[in-house]
Amino acid sequence: MQDEYRTVAHRGVHETEVNRSRFLCALAPAATEGEAQAFLAAVRKEHADATHNCWAYVIGADASVQKAGDDGEPGGTAGAPMLQMLLRRDMRYVVAVVTRYYGGVKLGAGGLIRAYGGAVGEALDTLGTVTRRRFRLATVTVDHQRAGKVQNDLHSTGRDVRDVRYGEAVTIEIGLPDADVDAFRAWLADATAGTARFELGGEAYGDART
């Protein structure tokens with residue numbers, strides 16, 4: 001698995017103008033190829049009167065799915081530069097649709113490549129991105145007497161506390177970077193006099209904390 005990747009936090013649209021042509025870049029997070037295609041269909045419906053609705057998306061933390069389309073622009077002048085911009089920025093689980101309203105001035109192949117790639121780059125800069133890092137899921141089970149202090153310490157040190165459940169004991173689900181597992185295990189044993197149970201789970205991605 002990739003240690004980290006970048007994506008967009010939410011949907012958004014950024015508009016640029018090149019030689020009287022309007023370029024509207026719509027960005028959205030997409031967990032699956034189906035979500036990316038649904039977003040593309042929605043943008044096409046919203047801008048059915050546009051000259052072109054070109055698109056690109058990257059799915060998978062390892063960019064296992066990469067697709068793009070020119071929607072009538074000369075081959076390789078729209079979708080490909082859009083996709084290259086997403087990959088250059090390490091973007092994953094994201095879909096970009098650039099809607100063009102022709103302004104009467106032809107841009108030529110080089111101009112189109114710059115315009116479509118640039119529209120995506122500007123939209124990423126304007127709308128913002130988030131970094132998601134790989135971590136290990138882990139479960140801490142501790143008695144009620146010590147649970148409050150453990151939770152306070154976890155929060156004060158910026159640990160990723162994902163869930164807390166109360167039963168006969170208190171179960172706390174956290175996310176840990178792989179490199180921190182051994183040190184955390186030692187800290188927990190010390191903090192609870194060896195009474196807490198610590199279990200490692202699978203891997204997942206979460207927002208990086210800065």
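Sequence positions, counted from 1, serve as the residue numbers for this chain.
Residue V95 is not grouped with residue M91 when hydrophobic side chains (ILVMFWY) are merged at heavy-atom distances under 4.5 angstrom, including chains of intermediate members. I59 and V97 fall within the same hydrophobic cluster, defined by Ile, Leu, Val, Met, Phe, Trp and Tyr side-chain heavy atoms under 4.5 Å apart, directly or through other members. When the side chains of ILVMFWY residues are joined at heavy-atom separations under 4.5 Å, either directly or via intervening members, V120 and V18 end up in a single hydrophobic cluster. Taken together through direct or relayed side-chain contacts under 4.5 Å among Ile, Leu, Val, Met, Phe, Trp and Tyr, Y102 and V105 form parts of separate hydrophobic clusters. V170 and W187 fall within the same hydrophobic cluster, where Ile, Leu, Val, Met, Phe, Trp and Tyr residues are linked whenever their side-chain heavy atoms come under 4.5 Å apart, directly or through other members.
Closest non-hydrogen pair, A68 versus A80, comes out as CB-N, 4.2 Å. Contact between L86 and V94 at its shortest, heavy atoms only, is CD2-CG1, 4.1 Å. Residues D70 and G76 come closest through the heavy atom pair OD2-N, 3.0 Å. Closest approach of M82 and A96 over heavy atoms only: CE-O, 3.4 Å. Listed here is the closest heavy atom pair of P81 and T77: CG-O, 3.4 Å. Taking both residues in full, the closest heavy atoms of G121 and M85 are given as N-CG, 3.7 Å, listed atom of the first, atom of the second, then distance.
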* Chi angles and distances behind the side chain to side chain contact (heavy atoms under 4.5 Å, CB included) call for R134, Y5 -> CA-CA 9 Å; R134 182 168 61 98; Y5 65 85; over 6 Å; no
* To do: Go through the steps for T192 and V150 under the test side chain to side chain contact (heavy atoms under 4.5 Å, CB included), then give the verdict.
  => CA-CA 8 Å; T192 65; V150 169; 3.7 Å; yes
* So R89 and D125, salt bridge (charged side-chain N to carboxylate O under 4.0 Å, His left out) or not? Walk me through it. -> CA-CA 10 Å; R89 298 289 191 91; D125 290 339; 3.0 Å; yes
* To do: Kindly determine whether T99 and F23 satisfy side chain to side chain contact (heavy atoms under 4.5 Å, CB included), including the steps that lead there.
  => CA-CA 6 Å; T99 299; F23 291 86; over 6 Å; no
* To do: Please test V130 against T7 for side chain to side chain contact (heavy atoms under 4.5 Å, CB included), starting from the C-alpha separation and ending with a verdict.
  => CA-CA 6 Å; V130 292; T7 191; 3.7 Å; yes
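Side-chain contact between Q151 and V161 is absent, with no heavy atoms from C-beta onward closer than 4.5 Å. Inter-residue side-chain proximity for V65 and Y57 is flagged as met; some heavy-atom pair is nearer than 4.5 Å. Here the side chains of V13 and C25 are not in contact, with every heavy-atom distance at 4.5 Å or above. Side-chain contact between E173 and R165 is present, with heavy atoms from C-beta onward closer than 4.5 Å. The side-chain heavy atoms of L127 and V8, taken from C-beta on, include no pair separated by under 4.5 Å. Counting heavy atoms from C-beta outward, E73 and Y116 have side chains that approach closer than 4.5 Å. Taking 4.5 Å as the limit, some side-chain heavy atom of L124 sits within range of a side-chain heavy atom of T129. Counting only heavy atoms from C-beta outward, the side chains of F198 and L188 approach each other to under 4.5 Å.
Of the possible polar contacts, none joining the D160 side chain to the I174 backbone as a donor-acceptor pair under 3.5 Å is found. In this structure, R136 contributes its side chain and G201 its backbone to a donor-acceptor pair below 3.5 Å. Here the side chain of H14 pairs no donor or acceptor atom with the backbone of T126 at under 3.5 angstrom. For the pair S64 (side chain) and G60 (backbone), a donor-acceptor distance under 3.5 Å is absent. Formation of a donor-acceptor pair under 3.5 Å by the H144 side chain with backbone atoms of G167 is found in this model.
Remark: the R100 side chain and the S21 side chain contain an N/O donor-acceptor pair separated by less than 3.5 Å. The closest side-chain donor-acceptor pair between Y101 and H47 falls under 3.5 angstrom.
Taken to the nearest 0.5 Å, the CD atom of Q37 stands 9.5 Å off from the CZ atom of R44. The CG atom of L107 sits 5.5 Å away from atom CG of N19, with the distance rounded to the nearest 0.5 Å. Atom CG of L112 and atom NZ of K106 lie 10.5 Å apart (nearest 0.5 Å). Atom CG of L83 and atom CZ of R88 lie 10.5 Å apart (nearest 0.5 Å).
For R159 and D180, the salt-bridge test passes: some basic side-chain N is under 4.0 Å from an acidic carboxylate O. The residues E199 and R197 are annotated as salt-bridged, a charged nitrogen and a carboxylate oxygen being separated by less than 4.0 angstrom.
Pairs passing the salt bridge (Lys or Arg N to Asp or Glu O under 4.0 Å) check and including a residue from residues 31-41, sequence neighbours excluded, read E33-K67.
Atom CZ of R114 has 12 or fewer neighbouring heavy atoms from other residues, nucleotides or ligands inside a 6.0 Å radius.
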